[in-house]
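A short worksheet on the structure shown next.
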Amino acid sequence: MNMYCNACGRELKMEHGLLMEDAFEAKKQWGYFSEKDTQLHSFVLCEKCYDQMIQNFVYPPEVSDVTEL
């Protein structure tokens with residue numbers, strides 16, 4: 001199965017069905033009180049597109065170090 005960045009359209013590197021580069025994956029199941037009630041939205045961003053997206057944030061994402069992967 002191929003995987004693509006939803007922002008730039010670049011095909012992400014896969015080898016034997018494994019993603020060979022990291023990517024940001026988001027999923028949101030919309031609930032009531034939204035214009036998207038009961039819809040599930042998901043997308044993937046390559047690291048470059050993720051970095052470009054967060055540059056537009058008024059408040060940057062919270063970042064902390066993880067000691068175990």
Side-chain angles (χ1 to χ4, degrees):
M1 178 176 139
N2 296 345
M3 188 179 284
Y4 299 88
C5 175
N6 284 80
C8 70
R10 183 175 67 79
E11 184 173 0
L12 302 177
K13 293 179 185 96
M14 301 281 288
E15 192 173 297
H16 306 291
L18 296 173
L19 188 59
M20 300 305 291
E21 63 179 289
D22 212 351
F24 179 82
E25 298 181 59
K27 252 183 208 178
K28 169 61 178 159
Q29 183 174 335
W30 293 93
Y32 299 113
F33 313 112
S34 77
E35 298 294 319
K36 299 165 191 66
D37 290 358
T38 72
Q39 294 180 7
L40 177 63
H41 289 207
S42 61
F43 63 90
V44 174
L45 296 176
C46 67
E47 190 171 2
K48 180 180 176 184
C49 289
Y50 171 82
D51 289 342
Q52 290 174 345
M53 177 184 71
I54 66 171
Q55 285 180 2
N56 295 317
F57 286 5
V58 173
Y59 301 104
E62 187 175 311
V63 176
S64 58
D65 290 328
V66 177
T67 57
E68 294 184 29
L69 295 177

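Quick note: numbers below take in every heavy atom, side chains included, and nothing from hydrogens, waters or symmetry partners.
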Side-chain donor-acceptor pairs under 3.5 Å in residues 54-68, sequence neighbours left out?
none

Could you give the side-chain donor-acceptor pairs of residues 14-23 under 3.5 Å, partners two or more places apart or in another chain?
| unit_1 | atom_1 | unit_2 | atom_2 | d |
| --- | --- | --- | --- | --- |
| Glu21 | OE1 | Arg10 | NH2 | 2.8 |
| Glu21 | OE2 | Arg10 | NH1 | 3.2 |
| Glu21 | OE2 | Lys13 | N | 2.8 |

Pairwise salt bridge (charged side-chain N to carboxylate O under 4.0 Å, His left out) hits with a residue in residues 50-61, at least two apart: none

Contacts table for residues 39-47: side-chain donor-acceptor under 3.5 angstrom, sequence neighbours left out:
| unit_1 | atom_1 | unit_2 | atom_2 | d |
| --- | --- | --- | --- | --- |
| Gln39 | OE1 | His41 | NE2 | 2.8 |

Using atom types as modelled, flag every donor-acceptor pair under 3.5 Å from a side chain in residues 24-36 to any protein atom, sequence neighbours excluded.
| unit_1 | atom_1 | unit_2 | atom_2 | d |
| --- | --- | --- | --- | --- |
| Ser34 | OG | Gly31 | O | 3.0 |
| Ser34 | OG | Lys36 | N | 3.1 |
| Ser34 | OG | Asp37 | N | 3.4 |
| Ser34 | OG | Asp37 | OD1 | 3.2 |

